[in-house]
Amino acid sequence: MSAVVQTKRVTVPEIRGAKSARPVVCLTCYHAHTARLLDEHVDLMLVGDSLGMVMHGMENTLGVTLDMMILHGQAVMRGSRHALIVVDMPFGSYEESPQVAFRNAARVIRETGCTAVKMEGGARIAETIAYLTSRGIPVMGHIGLTPQMIQVMGGFKTQGRTEAEWPAIEADARAVAEAGAFAVVLEGMAEPLAAKITREIAIPTIGIGASAECDGQILVMEDMLGLNPNPPKFVRQYAKLGPDIEAAVKAYAADVRARRFPGAENVYSMKKAG
Ligand code: KIV
């Protein structure tokens, strides 16, 4: 009899089936240790390309590479057994053609073992979403504020603040859903528009700075844990790990400088003779 306990991961149909049934709990995650802590409490972990800023100190996500995504995807897969893992397709890895997108996404799936990929864009990448899903790669969409378009948008700006903008964004949401995405992130979007899209499309909407009426929510884990000194305005901080870490390091430094032993016990002390 095998002593190995296998936990079944959340599946794509389970996430899709959550529409209007139960809220989908999502967080970003970039490494094994935190994946272990999150795993039982979330439905989905996104290895987001926000790791460029959070883990690597970049100014935006444009410098993130496929190799970086794969490395962090592997770490999160090793640290988790339950949540569905989605890895972001970084800038430049999927926009050129459905074929290039398939090749790169297949590499992500093969080398990390994750279940699905996420890509930014609405109608303009619908053909690519259909190409991938029909060939076995589940895709999560991402519309509204799409950080990989920061240079074109001229900054991180909430989308849909005037009703004149709504039809194009609604068309993006429909295009992504009809192309076969199993869920779609609505980022930085006017609240009534995000709520309207949630009512209008057949797949779960996952909000970030959008609406409480979305079918699920996602936050960057470091933002909600208080590790980012300048989190986006919409983020509720559930912990203050930044200040806690600073206080702990300060106490450690004081111990070392005072020659107080910082281990729990001196495991290497000599046994007394006799
Ligand atoms: O990269 C990321 O972390 C994301 C989330 C903000 C949705 O795309």
Side-chain angles (χ1 to χ4, degrees), residues 15 23-31 34-35 38 42-66 68-73 75-76 83-95 104-105 108 112 114-122 125 129 138-150 153 155-159 169 172-173 176 181-189 194 197-198 203-211 214-225 227-228 230-237:
I15 298 290
V24 185
V25 183
C26 314
L27 275 174
T28 65
C29 189
Y30 317 124
H31 48 75
T34 46
L38 268 49
V42 302
D43 300 302
L44 183 153
M45 282 187 237
L46 170 69
V47 184
D49 62 352
S50 52
L51 63 80
M53 285 115 96
V54 178
M55 299 291 293
H56 298 274
M58 294 175 167
E59 244 178 60
N60 54 49
T61 57
L62 300 182
V64 175
T65 65
L66 204 59
M68 288 164 77
M69 297 309 304
I70 288 171
L71 196 66
H72 288 280
V76 171
L84 185 147
I85 308 300
V86 179
V87 174
D88 246 343
M89 296 297 288
F91 176 68
S93 69
Y94 63 96
E95 301 89 334
N104 286 328
V108 170
T112 67
C114 74
T115 301
V117 297
K118 175 168 83 57
M119 47 185 68
E120 297 182 6
I125 60 147
I129 294 175
V139 178
M140 187 176 198
H142 183 160
I143 63 166
L145 195 168
T146 46
Q148 291 175 13
M149 292 294 272
I150 185 176
M153 295 187 304
F156 295 115
K157 293 187 181 133
T158 303
Q159 303 294 295
I169 301 171
D172 276 343
V176 164
F182 69 91
V184 60
V185 171
L186 307 185
E187 178 168 0
M189 192 178 284
I197 289 174
T198 299
I203 58 172
T205 59
I206 309 298
I208 172 162
S211 169
C214 287
D215 298 300
Q217 300 290 331
I218 187 162
L219 286 175
V220 170
M221 185 194 67
E222 282 75 358
D223 289 348
M224 59 81 89
L225 291 181
L227 278 163
N228 177 357
N230 299 305
K233 276 199 293 257
F234 59 79
V235 173
R236 177 181 298 173
Q237 292 192 323

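Given the structure is predicted, the values throughout are model-derived calculations rather than measurements. Atoms within each ligand, like the ligands themselves, are counted from 1 in listed order.
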Is [X] reaching over with its side chain to a backbone N or O of [Y], donor-acceptor style, under 3.5 angstrom?
{"X": "Gln237", "Y": "Val235", "result": "no"}
{"X": "Thr205", "Y": "Cys214", "result": "no"}
{"X": "Thr34", "Y": "His31", "result": "yes"}
{"X": "Thr28", "Y": "Leu46", "result": "no"}
{"X": "Glu95", "Y": "Ile125", "result": "no"}
{"X": "Asp88", "Y": "Pro90", "result": "no"}

Under 3.5 Å between some N or O of ligand 1 and some N or O of Glu187?
->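 Min N/O separation from ligand 1 is not below 3.5 Å for Glu187.
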Short N or O distance, Ser50 and ligand 1, threshold 3.5 Å exclusive |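 Between Ser50 and ligand 1 (N or O atoms, distance only) the closest approach is under 3.5 Å.
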Show which atoms of ligand 1 fall inside a sub-4.0 Å distance from at least one heavy-atom site of [X].
{"X": "Ile208", "answer": "6 (C)"}
{"X": "Gly48", "answer": "1 (O), 2 (C), 3 (O)"}
{"X": "Leu46", "answer": "2 (C), 4 (C), 5 (C), 7 (C), 8 (O)"}
{"X": "Thr28", "answer": "3 (O)"}
{"X": "His142", "answer": "8 (O)"}
{"X": "Asp88", "answer": "1 (O), 2 (C), 8 (O)"}

Report yes or no: does Lys118 have a heavy atom closer than 4.0 Å to ligand 1?
->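 It does, in that a heavy atom of Lys118 comes within the 4.0 Å cut-off of ligand 1.
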Applying side-chain hydrogen bond (donor to acceptor under 3.5 Å, both in side chains), which residue pairs with at least one partner in residues 47-60 are found, sequence neighbours left out?
->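 Qualifying pairs, neighbours excluded: Tyr30-Ser50, Asp49-Gln148, His56-His72.
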